[in-house]
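The figures that follow rest on heavy atoms only: side chains count, while hydrogens, waters and symmetry mates do not. In this text the structure is predicted, and so the values were computed from the model without any measurement. Counting starts at 1 for both ligands and their atoms, following the listed order.
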Amino acid sequence: MKNSYSTRELADMLSVNESTVKRWADSGFIECVKTKGGHRKFPVRSVLKFVHENRMNAPSLSLSEFDGKDVQAHLSAGFVDVLVPPLKEAALQGDSYEVQRIMRTGFVSQPDLIIFYTKLVFPSLVEIGTGWENGELGVDSEHLATQAIKSALFRFQSEIFVKEPNGLTAVVSCFEGEVHDIAIMCVASYLTSEGWRVYHLGQDIPTADLAAFTRVKKPNLVAMSADIVENERSFVFSINNKIVPAAKKVGAMTILGGSGVPARFAGRVKCDLLSEDISDMRKVHEGMLNERTAGTK
Ligand code: B12
């Protein structure tokens, strides 16, 4: 995996002069380290941060990592789905550093986090799940691959540029008994990148604890994820009688996300939003930010 770029490489990839890159570095806009010989080296992590922070389009940064005309043409147009097969392959090998490298590449070509998740990360997981369902993959391979993606996501997410705090707070959590936490981890990461203060509670949070935590932290939003519900009555009771009242008391919006569960419980659970698509988080974020901005004027 490439760890850093030279001034020339970076200038070529961003289509600017070398002198521009040096000026950015000397003004502190982009972090660089100097070698003993006095040459500037730009860590990949800082380059990604810089590109993301400045909303730059730098597909050639990702092109430098991949061979093949088709792949390059797709990447230069931001179509990261072309990286699903290599990402899945690296995951099935349990090579989480290669998965991370592919994620970095994909993110440079498609720096919209929501699109990046929905076109690259999630389809890879779904394909792995389908392989298991069809009997092509054993539980061992499925777990190895998932773990590789999850570990890579953890590291990758620490490289994402985070906006200034916007004053909004969210509690995000899997519902009691739920262990599928990758989507909610991505929800947490998206909101964090948009400047939210996020309390990410992870898998299998008992209802009483989630309600108590909500009462204490008084967030603007409580976002939950549930993929598998065995006891319908208890699920509906927990949401309607414990979590929603706790959220209402502190003025928080509630969202229940997951696959199949929101549709199955539509009209039965009293959350403000039921969603099967992480893209809905963009609308929620923008709506709440506008409300907040209007309220503080
Ligand atoms: C990885 C995985 C696991 C891992 C979980 C690792 C982890 N830390 O997450 C492990 C191996 C532990 C696991 C266990 C099980 N799994 Co599993 N697993 C998967 C797999 C392959 C990928 C899950 C994933 O991350 N998908 C990608 C994410 C992004 O999808 P998602 O969570 O559905 O999120 C989407 C929406 O639901 C929505 N969303 C989700 N949460 C939220 C929240 C908010 C706020 C919003 C706005 C949106 C949102 O956004 C996403 C799309 O934009 C899927 C296959 C698949 N098709 O997804 C099966 C799958 C989910 N698992 C399944 C099953 C059956 C199980 C087990 C019961 C298997 C078993 N017999 O032990 C156990 C469950 C244990 C438990 N107590 O819950 C089934 C579920 C079927 C169902 N709904 O009834 C699936 C679909 C596989 C299948 N085709 O049968 N699993």
Looking only at heavy atoms of [X], does any of them come nearer than 4.0 Å to an atom of ligand 1?
X	value
Met224	yes
Ile128	no
Gly177	yes

Heavy atoms from other residues, nucleotides or ligands near [atom1] of [X] exceed 12 (cutoff 6.0 Å):
X	atom1	value
Arg8	CZ	no
Lys242	NZ	no
Lys41	NZ	yes
Phe122	CZ	yes

Exercise. Under 3.5 Å, is there a donor-acceptor pair linking the side chains of Ser275 and Asp277?
Worked result: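 The answer is no; no qualifying pair exists.
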Please check if a non-hydrogen protein atom sits closer than 4.0 Å to [atom].
atom	answer
atom 60 (C) of ligand 1	yes
atom 81 (C) of ligand 1	no
atom 30 (O) of ligand 1	no
atom 64 (C) of ligand 1	yes
atom 70 (C) of ligand 1	no
atom 86 (C) of ligand 1	no

Location of contacts on [X] toward ligand 1, heavy atoms closer than 4.0 Å:
X	result
His143	side chain
Glu276	backbone
Tyr117	neither

Looking at [X] versus [Y], is the centre-to-centre ring distance below 6.0 Å?
X	Y	result
Phe161	Phe50	no
Tyr190	Trp196	no
Phe116	Phe107	yes

Problem set entry | Environment of atom 17 (Co) of ligand 1 in terms of protein N/O/S atoms, cut-off under 2.8 Å | His180 NE2
Contacting atoms of ligand 1, where contact means under 4.0 angstrom from a heavy atom of [X]:
X	answer
Trp132	87 (C), 88 (C), 90 (O)
Leu125	21 (C), 25 (O), 26 (N), 27 (C)
Gln203	8 (N)

Is it true that [X] and [Y] make a salt bridge, defined as a side-chain N closer than 4.0 Å to a carboxylate O?
X	Y	result
Arg101	Glu98	yes
Arg282	Glu194	no
Asp26	Arg40	yes

Write out the residue and atom name of the closest protein heavy atom to [atom], then the distance separating them to 0.1 Å.
atom	answer
atom 44 (C) of ligand 1	Gly257 CA, 3.6 Å
atom 34 (O) of ligand 1	Ala183 CB, 3.4 Å
atom 58 (O) of ligand 1	Val126 CG2, 3.9 Å
atom 51 (C) of ligand 1	Phe122 CE1, 4.0 Å
atom 20 (C) of ligand 1	Glu142 OE2, 4.3 Å

Problem set entry | Non-neighbouring partners of Glu176 that pass salt bridge (Lys or Arg N to Asp or Glu O under 4.0 Å), sequence neighbours left out |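 With neighbours one apart ignored, the set is empty.
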Working to the nearest 0.5 angstrom, can you tell me the gap between [X] [atom1] and [Y] [atom2]?
X	Y	atom1	atom2	answer
Leu113	Ile278	CG	CD1	7.5 Å
Leu201	Phe213	CG	CZ	5.0 Å
Asn220	Leu168	CG	CG	4.5 Å

Could you work out, for [atom], the closest of [options] by heavy-atom distance?
atom	options	value
atom 41 (N) of ligand 1	Gly131, Ser225, Pro123	Ser225
atom 39 (N) of ligand 1	Ala170, Ser259, Gly258	Gly258
atom 8 (N) of ligand 1	Ile149, Val284, Asp181	Asp181

Problem set entry | Residues Ile239, Lys270; criterion side-chain contact (heavy atoms from CB on, under 4.5 Å); working and verdict | CA-CA 7 Å; Ile239 295 205; Lys270 294 182 184 151; over 6 Å; no
What about [X]: any of its N or O atoms under 3.5 Å from an N or O on ligand 1?
X	result
Ser275	no
Thr146	no
Ile278	yes

Problem set entry | Phe235 with Val222, same ILVMFWY side-chain cluster at under 4.5 Å |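 Both belong to a single hydrophobic cluster.
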Problem set entry | Ring-face cation of Arg155 near Tyr97 (centre distance under 6.0 Å, axis angle within 45°) |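 Pair Arg155/Tyr97 counts as cation-pi.
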Exercise. Between Ser259 and Asp227, is a side-chain hydrogen bond (donor to acceptor under 3.5 Å, both in side chains) present by the stated rule, with each step listed?
Worked result: CA-CA 5 Å; Ser259 172; Asp227 269 346; 4.7 Å; no
